[in-house]
4 protein chains.
Amino acid sequence: MSTPTFKRLPRAVREQQMLDAAVKVFSRRGFHAASMDEIADEAGISKPMVYAYLGSKEELFTACLHQEGTRLMEAIVGAVVPDLPFDEQLWRGLRAFFRFVGAHRDGWAVLYRQARGERPFADDLAAMRSRIIEVVAGMLDRGLVAQGREVRAAELEVMAYALVGAAESLADWLADHPDADPDGMATRMMNFGWTGAGSMLAGHQWRPPPAAD
Amino acid sequence: MSTPTFKRLPRAVREQQMLDAAVKVFSRRGFHAASMDEIADEAGISKPMVYAYLGSKEELFTACLHQEGTRLMEAIVGAVVPDLPFDEQLWRGLRAFFRFVGAHRDGWAVLYRQARGERPFADDLAAMRSRIIEVVAGMLDRGLVAQGREVRAAELEVMAYALVGAAESLADWLADHPDADPDGMATRMMNFGWTGAGSMLAGHQWRPPPAAD
Amino acid sequence: MSTPTFKRLPRAVREQQMLDAAVKVFSRRGFHAASMDEIADEAGISKPMVYAYLGSKEELFTACLHQEGTRLMEAIVGAVVPDLPFDEQLWRGLRAFFRFVGAHRDGWAVLYRQARGERPFADDLAAMRSRIIEVVAGMLDRGLVAQGREVRAAELEVMAYALVGAAESLADWLADHPDADPDGMATRMMNFGWTGAGSMLAGHQWRPPPAAD
Amino acid sequence: MSTPTFKRLPRAVREQQMLDAAVKVFSRRGFHAASMDEIADEAGISKPMVYAYLGSKEELFTACLHQEGTRLMEAIVGAVVPDLPFDEQLWRGLRAFFRFVGAHRDGWAVLYRQARGERPFADDLAAMRSRIIEVVAGMLDRGLVAQGREVRAAELEVMAYALVGAAESLADWLADHPDADPDGMATRMMNFGWTGAGSMLAGHQWRPPPAAD
DNA sequence: AATGAATGAGTCTTCATTCAT
DNA sequence: GATGAATGAAGACTCATTCAT
């Protein structure tokens, strides 16, 4: 009577099983092509349970999105030690990012490949991405200030977009190549982004040729 | 006033109408959520014609993919004048790319946001992307050779991936901001990519701090 | 002006082409699975022509049915020479029947395999079959009378049904075995039917065992 | 009054209901003209259940075919008592056959009228028919051996084809005449087939007239 | 006379979602 | 708490049939 028999798993555990199953299925099928049946099967649970615990398919997908997004953010934020020189911060953030993608390929696929095109979730996703962009832009800004230089916020944001896009592109490649080394990817990305950003920060600038039409 | 009876158009015209409508609908709904009914409506034609001319939904999506992919490639390739210094080539290619995205937002959405996650099309898309990556890698290689330096092909490819990813990211931002200036985006991207690539090509290299764990 | 140019084939020829094409297609697909498109293609003619000449799909199928049915009847009737002893008449009729099936496999398939199950045509078919049954029953009757014996009409009809069924069964087998010899089949059938009917006519009769439950 | 809630029946029951409904509908409409909607209605159940339990329309038809085919075979085989004189065996088999057809008119229609013409099922059907043909041929063979005579296997098979065809023809007639007496039909068929086969087995043989052209 | 273009209507099939036990 | 049974709604696809040229 007092202590419940734990034969029937506690709610939290069940929910986690379901979410993991859902991420797996969504990652390989996409939102629409994934069926609640397949997800329930994958979780080894009956369909009504899924509804009871996590609500509609849309809510389920959103839950997956938030779980993976949060994990990713936490991985990155947890890796960035303040008070370090900011190139090292960038490096740590990137390394955490690539490590995460390497270790959570399914989650990455849901975030990057599936959520992007599905109307109802694109906004959620954009919001998460914005947070990352801002973080990166913030890093760059602090880097500039440290050098006594200054750039318009809009420019910073664009640069951050480019950096993040490049990192995502490499991460996506990583997700398809299980044997690739995440840390190596992070190093390459750092090289690319940092020297690029670095030389920009150093005031180097490329200008379009005059006769542009 | 004079003639326009909008019926009994010749096949080629109708096909183009349908493709355009399909791109529009696929771009805003995604492959699964788009219905053939909506596409037919958008094209101002009945569903059976769509099937008669373009085949199944999958074939239709593929047709959209190839049309937009080809247009994009042609826009870029047509803009790159050989015999120019290679930074200027890169610049022209990028400018053409951003202009294309600015002018064909729907097509871009189909290519970049929708096709990526849908299993049956991901391969087609990856093939197109590979062609671009190779072109970019080729440009970089020629740039290196011109400087008398050399980099492993694998490294080149990774760099190309990063560059393309960065450009795509900015392009995607552009697609969501109708007022943004494509040429300006191209300039920013050039700045970012070129100074980055430039400083790498110049031999600058970033190395991870020793105590990496 | 006076004599029409026969470039455009005369109506009768066209109609025959269409009917032949229709028989071919109906025989291999069945009524429902056959499409007017396929029939038009097979006839090398556009669909509206088919409608103009032969009317709806149902009318077309009926036309096929009647054509093949009539051909079959004419083949049989044309082969039966009156005034011959009636076993020889039966033989000639059977031989003509098997020859027809061997030479018009498609027509046979339409008659025997396709029309039977399709509600709107079963009646037409049954009517044709009835005519044959009656002919056969008539033959048997004349045979009996010649022997000074007599059998109830109902019994005769049943016997005719059995004979016709047996012949159809063999014919159907023949239709699937292009190398089989129609005359040989006719002989076998004659053997079977004639000795059977013959011994019945001769007054032999089998009776069920008494303890039937 | 007391209990009958007609809902939430166990799977096996529902499956049988569906099969019965399907046989009914297929028998009167044919495979193509039958709609899954009508079948579901007839079964008093919603369409998705039909798909869930019995699969596609084709699978459903096949299931009907096998059910009825099996029932028929079992009825016949169950009626044939070994160790009886073989004419009595034949008699019992025939009687069971006609009784079955009389009692399962729909099943018979599916087997004999509908399945024959539909390409994907003709093979299944032919296989069942072959089994019966072989059984009959076996009976005939044993009859011959008992008489010390012998006939080529091919001839036996043809004779079996004829016998089965005759029986089918009568059975089909029976299916359309609800008031006819199955046992009477069996007797007539026995008479026909047995005296026919009997006189053949006795060595009587009909030969075509010499001047055949 | 002849046909490419066009469609209304209908069918199979699937899926998210909910009862009843 | 847990699930087998059940369905409304919707979407892909096809086809007989008819215009307009």
Side-chain angles (χ1 to χ4, degrees), chain A residues 4-5 7-11 14 31-40 45-53 55-60, chain B residues 5-15 32-40 43-53 55-60, chain C residues 4-5 7-11 14 31-40 44-53 55-60, chain D residues 5-15 32-40 44-53 55-60:
Chain A
T5 46
K7 262 183 176 172
R8 306 187 184 285
L9 298 174
R11 173 161 189 137
R14 274 274 144 99
F31 175 70
H32 275 101
S35 84
M36 294 299 268
D37 272 291
E38 189 176 355
I39 292 171
I45 263 174
S46 77
K47 239 188 318 176
M49 278 287 95
V50 180
Y51 281 89
Y53 278 49
S56 72
K57 192 184 185 186
E58 227 173 283
E59 290 170 302
L60 177 54
Chain B
T5 323
F6 281 121
K7 309 207 157 195
R8 305 275 152 177
L9 298 181
R11 177 172 182 140
V13 176
R14 275 277 132 97
E15 265 187 22
H32 276 102
S35 86
M36 293 300 267
D37 270 296
E38 187 176 357
I39 292 171
I45 223 165
S46 75
K47 229 190 322 176
M49 287 306 301
V50 181
Y51 281 91
Y53 285 1
S56 71
K57 193 184 185 184
E58 219 172 292
E59 288 169 311
L60 176 55
Chain C
T5 45
K7 259 183 178 175
R8 306 186 183 286
L9 298 175
R11 174 163 187 136
R14 274 275 143 99
F31 175 70
H32 275 102
S35 84
M36 294 299 268
D37 272 291
E38 189 176 356
I39 293 172
I45 261 173
S46 77
K47 237 188 317 177
M49 278 287 94
V50 180
Y51 279 89
Y53 278 48
S56 74
K57 192 184 184 185
E58 227 174 282
E59 290 170 301
L60 177 54
Chain D
T5 323
F6 281 121
K7 309 207 158 196
R8 305 277 151 176
L9 298 182
R11 177 172 183 141
V13 176
R14 275 277 133 96
E15 264 187 22
H32 275 103
S35 86
M36 294 299 267
D37 269 297
E38 188 176 357
I39 292 172
I45 221 166
S46 74
K47 234 187 321 175
M49 287 306 302
V50 182
Y51 281 90
Y53 284 0
S56 73
K57 192 183 186 183
E58 221 172 289
E59 288 170 311
L60 177 55

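Chain identifiers are assigned alphabetically (A, B, ...) following the order of the sequence lines, protein sequences preceding nucleic acid strands; residue numbering begins at 1 within each chain.
Nucleotide E:dA1 holds its P atom 13 Å from the CD1 atom of C:Ile45, rounded to whole Å. The distance between atom CE of D:Met49 and atom P of F:dG4, rounded to the nearest whole Å, is 12 Å. Remark: C1' of F:dA2 and OH of A:Tyr53 are 9 Å apart, rounded to the nearest angstrom. Atoms CD1 (B:Ile39) and P (F:dA12) sit 8 Å apart, rounded to a whole Å. Rounded to a whole Å, the CG atom of A:Leu60 is 16 Å from the P atom of E:dC15. Rounded to whole Å, atom C1' of E:dG4 lies 13 Å from atom CD of B:Glu15. Rounded to whole angstrom, the span from the CZ atom of D:Arg14 across to the P atom of F:dA5 amounts to 10 Å.
Considering only heavy atoms from C-beta on, C:Leu60 comes within 4.5 Å of C:Met36 through its side chain. No side-chain heavy atom of D:His32 sits less than 4.5 Å from a side-chain heavy atom of C:Phe31.
With sequence neighbours excluded, the residues forming a salt bridge (charged side-chain N to carboxylate O under 4.0 Å, His left out) with D:Lys47 are D:Asp37, listed by chain and number. The side chain to side chain contact (heavy atoms under 4.5 Å, CB included) search around B:Glu59 returns B:Ser56, not counting sequence neighbours. Partners of C:Glu38 under the salt bridge (charged side-chain N to carboxylate O under 4.0 Å, His left out) rule, at least two apart in sequence or in another chain, are C:Arg28, C:Arg29.
Separation of atoms CD1 (D:Ile39) and CD1 (D:Ile45) is listed at 13.0 Å; rounding is to 0.5 Å. Here C:Arg11 contributes atom CZ and C:Tyr53 contributes atom OH; the two are 5.5 Å apart, rounded to the nearest 0.5 Å.
Under the 3.5 Å distance criterion, the side-chain polar atoms of A:Lys57 are matched with a main-chain donor or acceptor of A:Ala34.
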>> Can you give me the dot-bracket string for DNA chain E, 5' to 3', counting Watson-Crick and G-U wobble pairs with both distances under 3.5 Å, using [ ] for crossing pairs and | for partners on another strand?
In response: .||||||||||||||||||||
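Between D:Arg11 and F:dA6 there is no side-chain N or O to OP1 or OP2 distance below 4.0 Å.
Contact detail for C:Ala40 and C:Ser46: the closest heavy-atom pair is CB-C, 4.1 Å.
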> Can you give one letter per nucleotide of nucleotides 13-19 of chain F, 5' to 3': B if a protein heavy atom sits under 4.0 Å from the base, S if only from the sugar-phosphate, - if neither?
Replying inline: BBBSBBB
